[in-house]
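Structure first, commentary second.
Below, each value reflects all heavy atoms present in this structure, side chains not excepted, and no hydrogens, waters or symmetry copies. Each ligand, and each atom within it, is numbered from 1 in the order the structure gives.
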Amino acid sequence: MEFCKTYLLKVQEQNLYRKPVIYRFLDAVHVELEGKSYLSLSTNNYLGLTHSSAIQQAAIDAISQYGTGSGGARLTTGSHPLYQKLEQGLAAFKKTEAAVVFNTGYMANVGVISALSGKGDVIFSDALNHASIIDGCCLSKAHRVVYRHGDMDDLAEKLKDTPCSGRRLIVTDGVFSMDGDIAPLDDIVALGETYEAMIMVDDAHAVGVLGHGGCGTVDHFGLQERVDIQMGTLSKSLASEGGYVAGSQALIAYLMNKARSFIFSTALSPATVGAAHGALMELQNHPELVETVLQNAQYVREALTFAGIPVEGNMTPILPIMVGEAALAVKMVELLKEEGLLVSAIRPPTVPHGSSRLRLTISAAHDRKELAQAVESIIAVSRRVKLI
Ligand SMILES: *Cc1c(COP(=O)(O)O)cnc(C)c1O
């Protein structure tokens with residue numbers, strides 16, 4: 001087992017060593033760590049719903065009614081009644097005929113992509129797509145063609161030049177998780193129609209953020225009925241856990257019969273499904289949360305940009321501060337921690353070498369005064385390390 005130690009020494013030397021830290025959430029955005037309280041600027045809990053008492057109660061009720069575990073896979077004995085409520089709710093929210101829930105967003109992507117594409121097919125994938133999409137492509141045995149991030153000329157050229165005897169699939173994140181920018185889905189759909197390709201969008205970071213009532217990228221661009229596969233997660237804005245796909249009846253029934261990550265894994269627990277359904281209801285009852293998170297993000301973005309800090313992304317609550325070297329990103333995270341702020345350093349292999357960054361994520365649960373203080377601290381630290 002020496003290779004494990006050799007590998008670990010190598011990643012340590014490159015400042016890329018990682019380990020999980022135990023966080024105790026006090027509420028949606030405050031965390032206790034080693035006895036001290038911090039403001040988190042690194043949670044995907046965009047609407048702050050994890051600590052809503054209504055949603056917590058939905059999870060408790062689910063346990064009381066149906067127990068703690070599902071006891072089986074969806075197609076055997078694990079489909080408790082809350083699944084039906086959640087899947088119907090998701091289909092209505094996404095304005096599609098049907099929806100199916102997977103155990104995680106990761107499992108949705110690997111299951112869906114490998115179910116839709118195989119030998120002889122071609123998948124066109126944005127260079128910055130999430131790792132679970134990349135893994136789904138590997139699992140599918142289809143030919144994968146990577147187009148430059150958001151580059152429609154490159155995608156058009158590759159669609160034109162790549163021979164394909166089977167099906168074509170174009171897959172993209174709706175909001176890119178590490179960059180916070182929005183895919184040009186309108187142009188992607190137009191190209192997909194020209195080249196008869198299926199279109200799949202991963203809305204993990206778009207739900208609760210883009211479109212009317214936060215229903216996602218397809219609505220943001222007004223592309224209803226023109227995107228075949230809308231994938232998303234229940235683990236970010238929806239404050240629970242699980243992944244889903246929304247689309248036609250035929251697609252959903254096909255996935256239930258074909259996607260191995262759906263078929264061969266035990267169903268989610270009632271509490272998890274109950275919480276997700278509760279969060280979906282809460283989002284639909286409080287569409288103003290979507291406004292709040294976007295306004296909070298805009299406030300931080302403008303304040304940092306005004307101070308000369310290089311913030312990427314647009315119109316989303318993901319604000320990457322480009323730093324470059326992994327070592328500098330790690331140093332800034334440490335200095336910000338001394339200021340009471342939790343920010344994550346995003347380093348390779350999550351992002352390409354030389355593009356390490358601090359990734360701020362803003363929530364509707366953030367208080368403006370605390371955000372103003374956080375901005376001051378980020379500016380001070382950026383000066384100290386001569387980023388600005
Ligand atoms: C988080 C994420 C996933 C995976 O979802 P999980 O529910 O966390 O497994 C997939 N795609 C994107 C773009 C993500 O950000």
Distance under 4.0 Å to a non-hydrogen atom of [X]: what atoms of ligand 1 satisfy this?
X    : answer
S132 : 10 (C), 11 (N)
D173 : 13 (C)
A204 : 2 (C), 11 (N), 12 (C), 13 (C), 14 (C), 15 (O)
T233 : 5 (O), 6 (P), 7 (O)
T104 : 7 (O), 9 (O)
S177 : 15 (O)

Measure the distance from [atom] to every protein heavy atom, then report the residue, atom name and distance (to 0.1 Å) of the closest one.
atom                    : result
atom 13 (C) of ligand 1 : D202 OD2, 3.3 Å
atom 14 (C) of ligand 1 : K236 NZ, 2.8 Å
atom 5 (O) of ligand 1  : G105 CA, 3.3 Å
atom 8 (O) of ligand 1  : S235 OG, 3.6 Å

Determine, for E2 against K5, whether the closest basic-nitrogen to carboxylate-oxygen distance falls under 4.0 angstrom.
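A salt bridge links E2 with K5.
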
Working for side chain to side chain contact (heavy atoms under 4.5 Å, CB included), residues M315 and H220:
CA-CA 11 Å; M315 283 171 63; H220 173 78; 3.7 Å; yes

Is the ring pair F176/H149 parallel, tilted or perpendicular, if the boundaries are 30 and 60 degrees?
perpendicular

What part of N109, side chain from CB on, backbone N/CA/C/O, both or neither, has a heavy atom under 4.0 Å from ligand 1?
side chain

Select one of side chain, backbone, both or neither to describe which atoms of E241 lie under 4.0 Å from any atom of ligand 1, heavy atoms only.
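For E241, no heavy atom sits under 4.0 Å from ligand 1.
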
Any non-hydrogen atom of M107 lying under 4.0 Å from ligand 1?
no

Any G243 heavy atom less than 4.0 Å from ligand 1
no

Given the options M200, M231, K258, V112 meets side-chain contact (heavy atoms from CB on, under 4.5 Å) only with M200

V171 and side-chain contact (heavy atoms from CB on, under 4.5 Å): which partner among D126, I229, I123?
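Per the side-chain contact (heavy atoms from CB on, under 4.5 Å) rule, the option paired with V171 is I123, out of D126, I229, I123.
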
L387 with L336, same ILVMFWY side-chain cluster at under 4.5 Å:
yes

Are L255 and Y83 connected in the hydrophobic side-chain network, where two residues link if heavy atoms are under 4.5 Å apart?
no

Side-chain donor-acceptor contact under 3.5 Å, T217 with D203:
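On atom types as modelled, these side chains qualify, holding a pair under 3.5 Å.
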
Test item: V207 and K236 side chains (from C-beta on) under 4.5 Å apart, heavy atoms:
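No, every pair of side-chain atoms sits at 4.5 Å or beyond.
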
Any N/O of Y106 closer than 3.5 Å to an N/O of ligand 1?
yes

Could you tell me the separation between the CD atom of Q88 and the CG atom of L280, rounded to the nearest 0.5 Å?
12.0 Å

